[in-house]
Visitor: 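Supplied in structure tokens, the structure appears directly below.
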Amino acid sequence: MKKVERINVIMRYINNRAHFTISEIMREFNISRSTAIRDIREIEAMGMPLVAEVGRDGGYFVMNNSVLPTVRFTDTEIKALFIAFMATRNQQLPYLKSRHSLAEKLLGLISKNQQDDLVLLNQILLFEGTNPNNPDLLDLSDLPHPLLEKLIQIILLDSYLLVSIQEEKEIKSYPIYLLHLYREKSLWLIEGFDLEEEKRRIISVDNLTQVERFQTKKNVSKKKILEQLSKQEEATNLVLELGPKAIAQFKKYHPLKFSIAYTNPYQTTAILKTFIHVDQAEELNEITNWLLFLGNDITVREMPDAVIDALQKRLNLFCP
């Protein structure tokens with residue numbers, strides 16, 4: 001690691017700790033005592049308000065209520081940040097305006113030569129969702145659901161939510177304990193535990209009409225919720241063995257809840273075990289599409305009849 005990069009990393013390490021010692025710096029970054037002392041002195045010279053403590057267990061701490069020095073970025077860190085911003089365009093991520101302002105601030109911190117490099121990267125690199133004729137063009141699809149940012153702010157305070165969603169011609173409300181907020185197939189989804197029906201519930205953020213903290217006299221603990229969910233876990237009804245081509249397809253895309261276990265040290269064969277809700281038409285259609293996407297490098301060990309029938313009907317469309 002180059003000196004500038006090492007010092008930047010040490011500064012971040014120090015910022016995240018109330019107290020540290022020279023020995024800790026030596027162990028963490030695998031450097032000598034003399035190098036650690038020189039780096040600490042250079043960080044102090046840059047303006048970081050470090051206070052040394054004397055005594056047997058002495059060390060350093062950052063002075064409270066002090067302004068830390070301006071963050072310095074290396075050339076590679078600047079490119080990494082810029083490419084990350086590029087890759088997230090048109091992805092329906094929250095805080096769109098803030099992401100734009102961060103990119104603008106980044107450009108204002110760097111030199112003309114570094115700016116020229118980023119302009120060239122913007123012309124050369126294309127990510128999914130980028131318009132090849134105009135890489136700077138933002139698609140309307142980049143606008144996330146207006147309640148997504150509010151939802152994130154609320155769940156940072158409380159996991160017990162009251163969510164209202166549009167269902168056909170009426171609005172229904174569900175008290176839930178939020179387990180995860182995730183994005184799959186270009187959709188933001190809430191995975192929660194329904195506190196009234198005591199079961200797992202998946203809710204599309206696109207269907208949200210309102211979200212607020214759920215006030216109740218006695219909250220069910222997270223431990224009890226997870227215990228109930230573990231008892232409700234469905235038995236496996238889909239078991240597949242995957243060859244190298246199917247594994248490659250799996251890595252390109254797979255449902256978020258699906259995982260594979262490699263069955264040899266070279267990771268060229270794997271097994272997938274999961275449960276399919278065959279009574280849910282949307283899930284049945286999705287799994288049919290995905291199995292066809294995997295290709296023929298799979299061996300079926302167990303599969304519901306409904307999935308077999310759906311695959312057969314789909315194949316008959318191409319081979320009547």
Side-chain angles (χ1 to χ4, degrees), residues 1-89 91 93-125 127 136 142 144 148-149 152-157 159 180-183:
M1 185 185 298
K2 293 181 180 179
K3 180 181 177 181
V4 174
E5 294 178 351
R6 185 179 70 245
I7 288 178
N8 280 331
V9 174
I10 292 175
M11 287 177 66
R12 291 195 291 272
Y13 177 87
I14 291 172
N15 277 340
N16 291 327
R17 282 157 181 79
H19 179 275
F20 68 94
T21 65
I22 293 293
S23 298
E24 289 171 346
I25 297 293
M26 291 167 59
R27 288 195 301 270
E28 182 71 22
F29 300 98
N30 193 26
I31 56 178
S32 66
R33 184 176 184 83
S34 59
T35 299
I37 292 173
R38 281 198 303 271
D39 287 349
I40 293 298
R41 286 176 178 170
E42 187 162 339
I43 289 171
E44 286 182 294
M46 291 167 62
M48 178 172 277
L50 298 179
V51 178
E53 296 177 310
V54 297
R56 182 177 179 181
D57 298 321
Y60 295 83
F61 65 88
V62 181
M63 187 182 300
N64 292 333
N65 302 320
S66 298
V67 178
L68 298 181
T70 303
V71 176
R72 296 183 179 182
F73 295 107
T74 65
D75 284 347
T76 52
E77 287 173 337
I78 288 169
K79 292 181 178 66
L81 282 170
F82 188 72
I83 289 174
F85 284 133
M86 291 176 64
T88 59
R89 287 188 293 198
Q91 295 296 311
L93 298 181
Y95 306 108
L96 178 61
K97 291 182 179 179
S98 297
R99 286 188 282 126
H100 288 173
S101 63
L102 277 172
E104 291 171 358
K105 289 178 180 178
L106 176 63
L107 291 173
L109 289 172
I110 62 179
S111 67
K112 179 65 168 60
N113 288 338
Q114 290 172 322
Q115 289 179 13
D116 291 341
D117 286 344
L118 299 189
V119 170
L120 183 58
L121 282 175
N122 191 52
Q123 294 171 348
I124 294 173
L125 297 178
F127 292 90
D136 292 320
D142 197 31
L148 181 58
E149 290 186 20
I152 292 174
Q153 293 298 329
I154 292 175
I155 62 180
L156 288 173
L157 301 172
S159 295
H180 297 102
L181 173 65
Y182 63 97
R183 188 169 179 269

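Model, not experiment: these values are computed from the prediction. Values below: all heavy atoms of this structure, side chains included; hydrogens, waters and symmetry mates excluded.
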Visitor: Which heavy atom in T88 sits nearest to a heavy atom in F85, and how many Å separate them?
Guide: OG1-O, 2.9 Å
Visitor: Which residues pass the side-chain hydrogen bond (donor to acceptor under 3.5 Å, both in side chains) test with Q153, not counting sequence neighbours?
Guide: Y95
Visitor: If you compare all heavy atoms of A36 against all heavy atoms of M26, which two are closest, and at what distance to 0.1 Å?
Guide: CB-CG, 3.9 Å
Visitor: Identify the two heavy atoms, one from L121 and one from M86, that lie closest to each other, and give their separation to 0.1 Å.
Guide: O-CE, 3.7 Å
Visitor: Parallel, tilted or perpendicular: which one describes the rings of F20 and Y60, with boundaries at 30° and 60°?
Guide: parallel
Visitor: CD1 of I40 to CD1 of I7: how many Å apart, nearest 0.5 Å?
Guide: 9.5 Å
Visitor: Do you know the tightest heavy-atom contact between L93 and P144?
Guide: O-CG, 3.4 Å
Visitor: Rounded at 0.5 Å granularity, tell me how far CG in N122 sits from CZ in F82.
Guide: 4.5 Å
Visitor: Would you please name every residue forming a salt bridge (charged side-chain N to carboxylate O under 4.0 Å, His left out) with D75, sequence neighbours left out?
Guide: none
Visitor: Supply the atom-to-atom distance I43 CD1 to I14 CD1, rounded to the nearest 0.5 angstrom.
Guide: 4.0 Å
Visitor: Please report the C-alpha distance between T21 and S23 in whole Å, then the side-chain angles of each, then the deciding distance to 0.1 Å, and finally whether the side-chain hydrogen bond (donor to acceptor under 3.5 Å, both in side chains) criterion is met.
Guide: CA-CA 5 Å; T21 65; S23 298; 4.7 Å; no
Visitor: With D117, which residues qualify under side chain to side chain contact (heavy atoms under 4.5 Å, CB included), at least two apart?
Guide: K79
